[in-house]
Amino acid sequence: MGKKPRVPVLACFLCLFCVTAFSGCGSGAKGLVGSYKAETSAPSPHGSVSMELKETGAGVWMVGDNEITFSWHVKGDQLRLYTKNGGIITGELKGGVIQISLPGLNKLSFKKTK
């Protein structure tokens with residue numbers, strides 16, 4: 001009879017340990033949540049380029065007055081943006097900067113503003 005009360009306590013301790021141990025594992029996506037502004041070598045004729053990554057996995061890409069919504073997630077050292085029309089834009093995560101190359105455009109380097 002002495003061992004029965006210990007089993008639930010041990011199970012609770014094991015569950016708590018697993019939650020604590022694995023809570024630090026993940027894609028590091030929480031650190032990317034925020035607003036970003038692109039820096040380019042040549043100014044865009046369409047206006048400034050910025051994006052916002054939300055904690056929910058949603059995002060907004062803003063070029064001048066135009067906004068494009070997308071969903072996002074991190075896979076390895078890549079940020080993947082999924083547009084509503086089915087396109088996938090990949091960016092490289094390098095030291096707090098998100099670098100995205102779009103066809104026909106210069107490389108965009110997004111730096112976090114807040």
Side-chain angles (χ1 to χ4, degrees):
M1 214 191 268
K3 290 188 179 185
K4 286 187 180 181
R6 291 184 184 169
V7 173
V9 173
L10 182 59
C12 289
F13 177 74
L14 184 59
C15 289
L16 181 62
F17 173 78
C18 289
V19 168
T20 305
F22 294 118
S23 65
C25 298
S27 61
K30 283 196 176 217
L32 293 177
V33 172
S35 298
Y36 293 81
K37 185 168 177 139
E39 296 180 357
T40 59
S41 56
S44 170
H46 305 291
S48 65
V49 180
S50 59
M51 75 173 160
E52 183 179 351
L53 302 177
K54 300 177 184 180
E55 197 169 336
T56 61
V60 180
W61 183 291
M62 294 157 282
V63 179
D65 293 335
N66 298 318
E67 291 186 357
I68 301 163
T69 58
F70 57 86
S71 60
W72 66 278
H73 85 272
V74 176
K75 184 174 183 181
D77 63 346
Q78 286 187 338
L79 172 67
R80 294 186 179 201
L81 311 178
Y82 299 94
T83 63
K84 287 190 175 192
N85 66 356
I88 301 173
I89 300 168
T90 58
E92 292 181 67
L93 303 173
K94 292 186 174 182
V97 176
I98 301 170
Q99 294 182 340
I100 298 176
S101 296
L102 297 172
L105 297 174
N106 294 332
K107 184 181 283 190
L108 300 171
S109 295
F110 286 90
K111 291 191 178 180
K112 197 170 195 175
T113 57
K114 55 179 170 174

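The first residue of the sequence shown is numbered 1, and numbering continues consecutively from there. Everything quoted here is computed from the prediction, not taken from an experiment.
Applying the ring pair (Phe, Tyr, Trp, His ring centres under 6.0 Å) criterion to Trp61, with sequence neighbours excluded, gives Phe110. Here Ser35 pairs with Glu52, Thr113, Lys114 under the side-chain contact (heavy atoms from CB on, under 4.5 Å) rule; sequence neighbours left out. Glu67 meets the salt bridge (Lys or Arg N to Asp or Glu O under 4.0 Å) test with no other residue; sequence neighbours excluded. Contacts of Ser101 classified as side-chain hydrogen bond (donor to acceptor under 3.5 Å, both in side chains), with partners at least two apart in sequence or in another chain: none. Under the side-chain hydrogen bond (donor to acceptor under 3.5 Å, both in side chains) criterion, Gln78 pairs with Arg80, sequence neighbours left out. Taking the salt bridge (Lys or Arg N to Asp or Glu O under 4.0 Å) definition, one finds that Lys54 meets it with nothing, sequence neighbours left out. With sequence neighbours excluded, the residues forming a side-chain contact (heavy atoms from CB on, under 4.5 Å) with Lys112 are Tyr36, listed by chain and number. Residues satisfying the salt bridge (Lys or Arg N to Asp or Glu O under 4.0 Å) criterion with Lys94, sequence neighbours excluded, are Glu92. Checked against side-chain hydrogen bond (donor to acceptor under 3.5 Å, both in side chains), Asn85 has the following partners two or more places apart in sequence or in another chain: Thr83.
Atoms CE and CG, on Met51 and Leu81 in that order, are 6.0 Å from each other to the nearest 0.5 Å. The distance from the OG atom of Ser109 to the CD atom of Gln99 is 4.5 Å, given to the nearest 0.5 Å.
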- request: Decide yes or no on side-chain contact (heavy atoms from CB on, under 4.5 Å) for Phe70 and Ile89, but give the supporting numbers first.
  value: CA-CA 10 Å; Phe70 57 86; Ile89 300 168; over 6 Å; no
- request: List the steps and the verdict of side-chain contact (heavy atoms from CB on, under 4.5 Å) for Leu93 and Ile98.
  value: CA-CA 5 Å; Leu93 303 173; Ile98 301 170; 3.7 Å; yes
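Annotation for Val97: hydrophobic cluster partners, listed by chain and number, are none (ILVMFWY side-chain heavy atoms under 4.5 Å, direct or chained).
Under a hydrophobic-cluster definition in which Ile, Leu, Val, Met, Phe, Trp and Tyr are linked whenever side-chain heavy atoms come within less than 4.5 Å, directly or via other members, Val74 and Val60 are assigned to different clusters. Cluster annotation: Val63 is not connected to Tyr82 through the hydrophobic network of ILVMFWY side chains, with a link wherever side-chain heavy atoms come within less than 4.5 Å. No single ILVMFWY cluster, assembled from side-chain heavy atoms under 4.5 Å apart, contains both Met62 and Leu32.
The two residues Val49 and Leu108 come nearest to each other via the heavy atoms CG1-CD1, 4.3 Å.
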